[in-house]
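When a residue number appears, it is its place in the shown sequence, counting from 1.
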Amino acid sequence: MRTKVLILGLGVLGMCLAQTPVEVVRVEARAQQRTIALPGEFEPYQAVDIHARVTGFVEAVHVDRGSVVKEGDLLATLSAPELTAERLAAEAKAEAARAGSAGAGARLASARSTFARMQAASKTPGAVAGNELLLAEKEVEAAEAEVRAVESSIRAAEASVAALKEMEAYLRVTAPFAGVITRREVHPGALVGPSGAGSQTPMFRLEQNQRLRLVVAVPEVDVGGIADRARVAFTVPAWPGRTFTGVLARVAHSMDPKTRSMAVELDVDNPQGRLAPGMYPTVMWPVRKAAPALVVPATAVVTTTERTFVVRVRDGMLEWVTVAKGPAAGTHVEVRGALKAGDLVVVRATDELRAGTRVAAKEAQPRSRS
């Protein structure tokens, strides 16, 4: 009799447990499109430290910090008396070589004329000795060699003059591109040059700020969603309440091993000069996943000291499925684990819902996505 009562009691208890209701929801696969705030930094589109290309003294400085210049504008004028003296000496040498060319040409013409007459006379037997004709021919060859040597010296002298004139042109320090002078390091009387004294410190720093590079370090997990030529919004502390945009132009295609991020550059037009290199904007970076992500309500994920899991209902039984949490998307959160779209998970899960418990699942009504 007692055995029958015990079996009857266990049966009733099993029926009660089987009818324990839990609210469940289906795992969804969503195309994740969200925006994250990433720090960025502005760099000039082009920047260069300007050094003197020849050694000389600064005679005049025509710009200062903050000066807006165009390509080819004169920045500074140098003086180099030694360079001028070298050019004058080279010009004198070239002139002397040209004068010597006239004499060499006359001697060549005379030698050729003499040789021609002797050749004509040698046709008469006994009129000219064979040795004299040979000497006349050698004199022509020597005169031709002299003319070639003089012409070579003329070319060398003229090349030297041209090189010195080109170096003298470097005494006018000009802007290689349009931009803003952001640093000036010289004053009249300073010695500057490509080597030796004055070579370590540049004369000027020129930056092209009408167009800027916005460098953003994109985390490794979001690199796959980088869209070419995407327009991205950003803000800067200097202009609160205002939103700017830039166009994605360049991707490093190499991860920084220290930060596990990839450098991405945006081109930002800056015609009014409101933005400047060195500013640190906040970039509203669009994150797009190549494949849909699995999401569940944030309340469905349980985190203990040992594991993070969701409670799945399969064939009326509870089971714990270990997951890794991803970024939140409103009231839902992305999860990665042994789940698939359509699986039923408990909406408000706790670690008190033990695996292996038999339950009656009631699917929650779908809510608007947020």
Side-chain angles (χ1 to χ4, degrees), residues 46-64 67 69-116 135-179 181 183-208:
Q46 293 186 94
V48 64
D49 289 329
I50 298 177
H51 293 259
R53 299 181 69 175
V54 294
T55 302
F57 291 94
V58 178
E59 191 172 273
V61 179
H62 306 287
V63 295
D64 213 323
S67 297
V69 299
K70 300 187 296 295
E71 182 179 352
D73 279 359
L74 183 63
L75 307 182
T77 305
L78 311 181
S79 64
E82 299 86 353
L83 188 58
T84 303
E86 287 182 27
R87 176 181 57 79
L88 293 174
E91 288 178 345
K93 187 175 181 180
E95 189 61 33
R98 284 190 286 269
S101 175
R107 286 189 288 275
L108 175 59
S110 176
R112 284 176 174 171
S113 176
T114 301
F115 180 62
L135 290 175
E137 184 179 7
K138 295 299 182 183
E139 287 181 4
V140 171
E141 291 176 358
E144 289 175 343
E146 182 184 6
V147 168
R148 288 194 296 271
V150 171
E151 289 176 347
S152 178
S153 64
I154 291 174
R155 287 193 297 270
E158 289 177 343
S160 179
V161 171
L164 290 168
K165 284 183 177 179
E166 185 175 347
M167 292 182 68
E168 279 188 315
Y170 296 151
L171 296 175
R172 291 170 51 86
V173 181
T174 59
F177 53 81
I181 300 296
R183 196 166 71 240
R184 167 191 166 175
E185 302 291 350
V186 294
H187 298 275
L191 176 64
V192 294
S195 61
S199 63
Q200 299 303 317
T201 303
M203 299 177 66
F204 307 99
R205 171 77 173 178
L206 176 63
E207 297 181 356
Q208 186 181 25

Assess the residue pair I181 and L206 against the criterion (side chain to side chain contact (heavy atoms under 4.5 Å, CB included)); give the C-alpha distance rounded to whole Å, side-chain angles, the decisive distance to 0.1 Å, and a yes or no. CA-CA 5 Å; I181 300 296; L206 176 63; 3.9 Å; yes
Derivation of the side chain to side chain contact (heavy atoms under 4.5 Å, CB included) call for F204 and V48: CA-CA 8 Å; F204 307 99; V48 64; over 6 Å; no
Assess the residue pair V173 and M203 against the criterion (side chain to side chain contact (heavy atoms under 4.5 Å, CB included)); give the C-alpha distance rounded to whole Å, side-chain angles, the decisive distance to 0.1 Å, and a yes or no. CA-CA 9 Å; V173 181; M203 299 177 66; 4.2 Å; yes
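In this structure, the side-chain contact (heavy atoms from CB on, under 4.5 Å) partners of S79, at least two apart in sequence or on a different chain, are F57, E59. Among residues two or more places apart in sequence or in another chain, the side-chain hydrogen bond (donor to acceptor under 3.5 Å, both in side chains) test is passed with R172 by none. Qualifying side-chain contact (heavy atoms from CB on, under 4.5 Å) partners for A190, counting only residues two or more places apart in sequence or in other chains: V58. Among residues two or more places apart in sequence or in another chain, the side-chain hydrogen bond (donor to acceptor under 3.5 Å, both in side chains) test is passed with T77 by H62. In this structure, the side-chain hydrogen bond (donor to acceptor under 3.5 Å, both in side chains) partners of D49, at least two apart in sequence or on a different chain, are R183, R205. Considering only residues two or more places apart in sequence or on other chains, E168 meets the side-chain hydrogen bond (donor to acceptor under 3.5 Å, both in side chains) condition with T84, R87.
For the pair G56 and A80, the tightest heavy-atom approach, listed with the atom from each and the gap, is CA-CB, 4.4 Å. What you find for F177 and Q46 is that their closest heavy atoms are CZ-CB, 3.8 Å.
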Let me have the donor-acceptor pairs involving side chains of residues 160-167, under 3.5 Å, with sequence neighbours excluded, atom names and distances please.
{"residue": "E166", "atom": "OE2", "partner": "Y170", "partner atom": "OH", "Å": "3.1"}

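With rounding to the nearest 0.5 Å, the separation of CG in D64 from CG in L75 is 11.5 Å.
The side-chain heavy atoms of H51 and P202, taken from C-beta on, include a pair separated by under 4.5 Å. Counting heavy atoms from C-beta outward, P176 and I50 have side chains that approach closer than 4.5 Å.
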